[in-house]
Amino acid sequence: MLKVIKFGGTSLASAEQFRKVAAIVREDKSRRYVVASAPGKRFSSDTKVTDLLLSCYRLHRVRENFDEPFSCIRSRFEEICAELEIPFAFGEDFDRFYQEIKNGATEEYIASRGEHFNAKILAEFLQFPFLDTAEGIVFDENGVLMEEKTNENLALLLKNHTRAVLPGFYGATEKGEVRTFSRGGSDITGSLVARAAKADLYENWTDVSGLLMADPRIVSSPKAIECVTYRELRELSYMGANVLHEDAIFPVRREGIPINIRNTNDTAATGTMIVENAEKSAGIVTGIAGKKGFGAIYIEKGMMNRELGFGRRVLEVLENRKISFEHLPSGIDTMTVVLNRGDLVGHENELIRELQMAVQPDRIHLVENLCLIAVVGRGMINSPGTAARLFGALAKEKINIRMIDQGSSEMNIIVALEEQDYEKALKAIYAEFVPEEEN
Ligand code: ADP
Ligand code: ASP
Ligand code: MG
């Protein structure tokens with residue numbers, strides 16, 4: 001049995017958390033490869049080390065002094081070492097790092113050092129070797145992960161070590177330039193290491209007892225999901241249930257390695273198992289997730305369905321502007337394109353004009369400030385009336401639905417709502433599908 005085990009930022013935010021992590025690793029001899037994040041928040045108003053590092057970069061870029069965030073970072077690491085009674089052996093590394101920032105080190109290199117130093121401390125504390133993922137995880141010149149090459153390199157790196165600590169979040173190009181994943185990317189590192197090690201299980205330890213049925217910052221004490229399929233999780237994490245980075249699923253899924261999300265602060269909870277196929281489903285709905293920050297373009301034209309190439313011409317306008325769409329529901333004479341608002345800001349009018357030229361619609365208008373909520377569940381296929389319950393729950397709260405999209409897998413229903421209704425809607429949907437006595 002071999003387990004790859006990843007700890008998130010809150011799990012490694014302080015010496016006290018390091019002790020819990022060490023106990024978890026030592027408790028099970030099969031927990032052999034440990035992936036570490038940078039120190040996260042110790043309390044809600046705290047700042048993550050990665051954010052402090054990014055502040056250093058941004059301040060220096062505008063030629064401002066970055067000593068304050070830099071010394072915060074240094075003292076966080078010093079404090080952890082002092083409390084763990086291990087030597088702070090990176091004094092010189094820190095001095096060098098300070099100079100590197102001064103000399104114009106890249107944003108991604110600077111951001112990566114939180115994981116780098118934290119993993120070194122954890123390796124020292126556990127008495128495991130430290131293996132640098134800059135030597136295993138390969139990015140191309142555009143910062144895109146080269147997955148097969150990474151798999152080969154990581155396998156080679158791990159081959160001579162039965163146990164090791166590896167830093168999450170970053171790798172390097174073939175020229176040796178450090179590159180990072182997007183935020184939360186240590187989850188991807190854990191998944192890549194699990195694949196390369198041919199692990200039996202990828203344990204992802206965080207600060208909640210698994211994937212919860214809804215965002216705990218909005219719904220109070222949502223139920224934990226016992227078992228979720230990769231496909232359900234993909235939908236949920238894409239839509240904002242970001243307890244696990246949305247790209248962390250692919251490497252392990254390919255090898256059929258299950259993921260277990262666990263809570264560092266509650267080791268008795270069994271957490272969530274993420275698997276390829278789950279026979280029994282706990283209920284109709286597995287989880288609910290959502291995101292703000294969308295816009296939609298409504299296009300209306302009589303008989304558009306008969307007009308050959310209509311959809312293609314619409315999408316071509318977007319493609320030329322390098323905008324991808326999120327959803328594309330259509331009616332007989334209508335088509336709606338749901339987009340990320342960030343892609344629209346500043347050129348809304350030009351985009352509308354280009355679409356007018358391309359397809360000469362009868363009407364076209366843009367709606368901004370939308371949110372999307374996805375209701376996901378493998379049990380939905382066999383449960384007629386789920387959509388009616390969803391719409392009923394929203395109607396009861398007088399929430400106006402701007403768009404509905406049911407995925408072809410019949411495993412999810414997505415609604416677009418006004419952004420201001422987001423929290424209220426999420427609570428209403430949760431209450432509809434999770435009866436109070438189950439909580
Ligand atoms: P880590 O630092 O361990 O990687 P993250 O902060 O990335 O942890 O992810 C865990 C957090 O995700 C939780 O503390 C919780 O606030 C948030 N979260 C959002 N949606 C969900 C959900 N559906 N289930 C569990 N956690 C969620
Ligand atoms: N430390 C990085 C971040 O804050 C990566 C991670 O935690 O997974 O995004
Ligand atoms: Mg995370």
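From a predicted model like this one, the values you see are computed outputs, not experimental measurements. Side chains are part of it too, since the values below use all heavy atoms of this structure and drop only hydrogens, waters and symmetry mates. Atoms within each ligand, like the ligands themselves, are counted from 1 in listed order.
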Mode of Ser37 contact toward ligand 2 - side chain, backbone, both, neither (heavy atoms, under 4.0 Å)
side chain

Any idea which protein heavy atom is nearest atom 2 (O) of ligand 1, and the distance to it?
Gly9 N, 3.0 Å

Got the closest protein heavy atom to atom 23 (N) of ligand 1, with its distance?
Leu212 O, 3.0 Å

Tell me whether ligand 1 is touched by Ser11 - counting only heavy atoms on the residue side and a distance under 4.0 Å.
no

Please report whether ligand 2 has a polar contact with Gly184, defined as an N or O pair separated by less than 3.5 Å (distance criterion only).
yes

Atom 16 (O) of ligand 1 - nearest protein heavy atom and its distance
Arg217 NE, 3.7 Å

Within the structure, does Lys6 bring an N/O atom to less than 3.5 angstrom of an N/O atom in ligand 2?
no

Can you confirm whether the side chains of Gln420 and Asn369 place a donor and an acceptor under 3.5 Å from each other?
no

Return a yes/no value for Ala241: is any of its N or O atoms, backbone included, closer than 3.5 angstrom to an N or O of ligand 1?
no

At under 4.0 Å between heavy atoms, is it the side chain or the backbone of His245 that contacts ligand 2, or both, or neither?
neither

For ligand 2, find out whether one of its N or O atoms is nearer than 3.5 Å to an N or O atom of Arg183.
yes

Could you tell me whether Lys48 and ligand 2 have an N or O pair separated by under 3.5 Å?
no

Taking atom types as modelled and ignoring hydrogens, do the side chains of Glu115 and Tyr170 form a donor-acceptor contact shorter than 3.5 angstrom?
no

Is there a ring pair (Phe, Tyr, Trp, His ring centres under 6.0 Å) between Phe130 and His161? Walk through the geometry before answering.
CA-CA 10 Å; Phe130 166 84; His161 301 273; over 10 Å; no

Heavy-atom distance to atom 4 (O) of ligand 1: which of Arg183, Met213, Lys6, Lys41 wins?
Lys6

Greater than 12 external heavy atoms within 6.0 Å of Glu85's CD
no

Protein heavy atom at shortest distance from atom 3 (O) of ligand 1
Thr206 OG1, 2.7 Å

Give the residue, atom name and distance (to 0.1 Å) of the protein heavy atom nearest atom 21 (C) of ligand 1.
Pro216 CD, 3.7 Å

for atom 11 (C) of ligand 1, nearest protein heavy atom and its distance come out as Asp207 OD1, 4.0 Å

Below 4.0 angstrom, N of the basic side chain to O of the carboxylate: do Glu326 and Lys291 qualify?
no

re atom 9 (O) of ligand 1, the protein heavy-atom contact at minimum distance is Val243 CA, 3.6 Å

Heavy atoms, side chains only, cut-off 4.5 Å: are Arg19 and Leu84 in contact?
yes

Are there more than 12 heavy atoms of other residues, nucleotides or ligands under 6.0 Å from atom CD of Glu68?
no

Using a strict 4.0 Å cut-off to heavy atoms of Glu115, name the atoms of ligand 2 that fall inside it.
1 (N), 2 (C), 5 (C), 6 (C), 7 (O)

